[in-house]
Participant: 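I'd like to ask some things about the structure below.
Quick note on labels: first sequence line is chain A, next is B, and so on, each numbered from 1.
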Amino acid sequence: MVELTRAFSFSLKPTPPYNFELTVRKPAGWDLFTPFEIYQDGVLSTALHVGDMLVGLRLSSMGTADRPEVRAKLFTERELEPTQKRLAKQSVSRMLGAEDDLAEFYAVARRDPILRHTLEDLSGMHDTYSDGVFGPALLAICLQMAPLKRSEAMMRSIIEIYGEVAEFDGKRVSVWPLPKRMAALEPVELARTCRLGYRAKRIVELANFLVDRGFPDMGELAKLPPEDAKRRLMELPGIGDYSADIINPRSGFPIDVWSVDVFGKLFYGREPKNARAAVERVKAEGVRRWGEWSWMAFFYIAQDLRNLSKKLGVRLRLQ
DNA sequence: GCGTCCAGGTCTACC
DNA sequence: GGTAGACCTGGACGC
């Protein structure tokens, strides 16, 4: 456990519309940074690594979706220099999607027969990002070839056994481990302790790749053309087309055997008979329809399945 | 209770 | 360059 006793506060003025609650607590249950974060009375207590530094974060909203203001208190083990504080504030702003302008996507969505329904429910929901690729990559690997329940169990085990616990503001929050911690493990041990099966070997190889060769963080990846960022991500051990689409910031259309049913039904009115065989076809149709906004379309639809089922009169498989 | 199937993919050997 | 087959595990399902 790491006690984070130093703190500084700041506020962010995100680009409106910005709905704080929808952004930090996604309707489909996607975590902001860790499954162990705590949301109570409009306040999110979470923790993460910024670079190699463990930080705690207390987030709340002081504004509205149209005039947003996010109050943040950042906790660290040691006092930060002014420059470090400025960089940390920039990182938090980027990770919360505070600088992303939704206007162009919303213009596309309002004209789209499927997406327009999601705007009624999710207006102001921004996509969020982690700092490094290791956490999202672990998530993607745990999602491979497993029911969601089992994927969640694997992720929780990794964090509980090998992650760090941040203690700050009277709370304890467990976070994803850093690559250097996982690189030192024996795959057999990791597989046994976290019930990871063949994924353990891939995770250790991935950790060693990141430690030995380095890799751009999410901010650097976001500056690359999306196809270049995806190519870089697919160089990582255990990361293929689907996983790269999950990790790639602001890009991708990650169709798998679950989402192929959902989007098959939305596009063609029925679930494909052979889900695996239909992945490429459904993915191509999504990219054809939504182009550069494919990821945002996927993101908004995935968060709104229950409402879309009612509004469109189709039965969509929930997550 | 037991056997079989398959799930929010990726990698490798083989052609 | 394309593709079948292997890969951990555990819940669901049929019998």
Participant: Starting at CE of A/Met155 and ending at P of C/dT9, how long is that distance when rounded to a whole Å?
Facilitator: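 So the CE-P distance, A/Met155 to C/dT9, works out to 18 Å.
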Participant: Would you call A/Glu285-A/Arg288 a salt bridge at under 4.0 Å N-O?
Facilitator: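 A/Arg288 and A/Glu285: salt-bridged.
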Participant: Can you tell me how far C1' of B/dC6 sits from CE of A/Met145, to the nearest Å?
Facilitator: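 The answer, rounded to whole Å, is 7 Å.
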Participant: Could you tell me whether A/Pro254 contacts a base, only the sugar-phosphate backbone, or nothing, with contacts defined as non-hydrogen atoms closer than 4.0 Å?
Facilitator: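 It contacts nothing in the nucleic acid.
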Participant: So which one's nearest nucleotide on DNA chain B is more toward 5', A/Gly238 or A/Ser259?
Facilitator: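 First, find each residue's nearest nucleotide; the 5'-ward one identifies A/Ser259.
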Participant: Please determine whether a side-chain nitrogen or oxygen atom of A/Arg192 lies at a distance below 4.0 Å from atom OP1 or OP2 of C/dC8.
Facilitator: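 Result: no.
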Participant: Does A/Ser123 reach the main-chain N or O of A/Leu119 with its side chain, forming a donor-acceptor pair under 3.5 Å?
Facilitator: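 Looks like no, no N/O pair under 3.5 Å.
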Participant: Determine the Euclidean distance between corresponding P atoms of B/dT10 and C/dG11; express it in Å to zero decimal places.
Facilitator: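 Pairwise P distance, C/dG11 against B/dT10, rounds to 24 Å.
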Participant: Please report the closest heavy-atom contact between A/Leu190 and A/Ala200, naming both atoms and the distance.
Facilitator: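 Scanning both residues completely, I find the closest heavy atoms to be CD2-O, 3.8 Å.
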Participant: Say you pick atom P in B/dC5 and the same atom in C/dA6; how far apart are they, in whole Å?
Facilitator: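 Going atom to atom, P in each nucleotide, I get 14 Å.
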Participant: Quantified in whole Å, what is the C1' atom distance between nucleotide B/dC6 and nucleotide C/dC7?
Facilitator: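 Their C1' atoms lie roughly 13 Å apart.
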Participant: Looking only at the side chains, is there a donor atom on one of A/Ser294 and A/Lys283 sitting less than 3.5 Å from an acceptor on the other?
Facilitator: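 No - no donor-acceptor pair under 3.5 Å links their side chains.
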Participant: Can you tell me the distance, in whole Å, between the OH atom of A/Tyr198 and the C1' atom of C/dG10?
Facilitator: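 So the two atoms are 14 Å apart, to the nearest Å.
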Participant: Whole-Å distance between B/dC11 C1' and A/Ile141 CD1?
Facilitator: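 Spelled out: CD1 on A/Ile141 to C1' on B/dC11 is 12 Å.
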Participant: Hey, quick one: are A/Leu32 and A/Val173 part of the same hydrophobic cluster, counting side-chain heavy atoms closer than 4.5 Å, chains of contacts allowed?
Facilitator: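 Each belongs to a different hydrophobic cluster.
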Participant: Mind checking A/Ile239 for me? I need base, sugar-phosphate or nothing, with any heavy atom below 4.0 Å counting as a touch.
Facilitator: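 Contact class for A/Ile239: sugar-phosphate only.
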Participant: Looking only at side-chain atoms of A/Leu143, point me to the closest of B/dG8, B/dT10, C/dC7.
Facilitator: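 Closest nucleotide to the A/Leu143 side chain: B/dG8.
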Participant: The side chain of A/Arg195 lies closest to which of these nucleotides: B/dG8, C/dG10, B/dT10?
Facilitator: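 Nearest to the side chain of A/Arg195 among the choices is C/dG10.
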Participant: Starting from C1' on C/dG10, measure out to CD on A/Glu152 and report it in whole angstrom.
Facilitator: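 Atom CD in A/Glu152 sits about 15 Å away from atom C1' in C/dG10.
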Participant: Within this structure, what is the CD-to-P distance between A/Gln144 and C/dC8, rounded to whole angstrom?
Facilitator: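 Computing the A/Gln144:CD to C/dC8:P distance gives 13 Å.
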Participant: Between C/dT3 atom P and A/Asp241 atom CG, what is the distance in whole Å?
Facilitator: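 About 15 Å, once rounded to whole Å.
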Participant: Any base atoms under 4.0 Å from A/Ser243, or only sugar-phosphate, or nothing? Heavy atoms, all strands.
Facilitator: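 The residue A/Ser243 makes sugar-phosphate contact but no base contact.
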Participant: Would you kindly compare A/Phe298 and A/Met234 by the position of their nearest DNA chain B nucleotide and give the one closer to the 5′ end?
Facilitator: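 Here A/Phe298 is the residue nearer the 5' end.
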Participant: A/Arg317 side chain N/O closer than 4.0 Å to the phosphate oxygens (OP1, OP2) of B/dG8?
Facilitator: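 Looking at the OP1 and OP2 atoms of B/dG8, one of them is under 4.0 Å from a side-chain N or O of A/Arg317.
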Participant: Which base, if any, makes a Watson-Crick or G-U wobble pair with C/dC7, both distances under 3.5 Å?
Facilitator: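 Paired with B/dG9.
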Participant: A/Arg150 side chain N/O closer than 4.0 Å to the phosphate oxygens (OP1, OP2) of C/dG11?
Facilitator: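 A/Arg150 to C/dG11 OP1/OP2: no side-chain N or O under 4.0 Å.
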Participant: Starting the side chain at C-beta, find the nucleotide from B/dG9, B/dG8, C/dG10 nearest to A/Leu148.
Facilitator: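 Side chain of A/Leu148 sits closest to B/dG8.
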Participant: How far apart are the closest heavy atoms of A/Phe168 and A/Leu4, and which atoms are they?
Facilitator: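 Residues A/Phe168 and A/Leu4, closest heavy atoms: CB-O, 3.8 Å.
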Participant: Could you state the atom-to-atom distance from CD1 of A/Ile247 to P of B/dG9 in whole Å?
Facilitator: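 To the nearest whole Å, that distance equals 14 Å.
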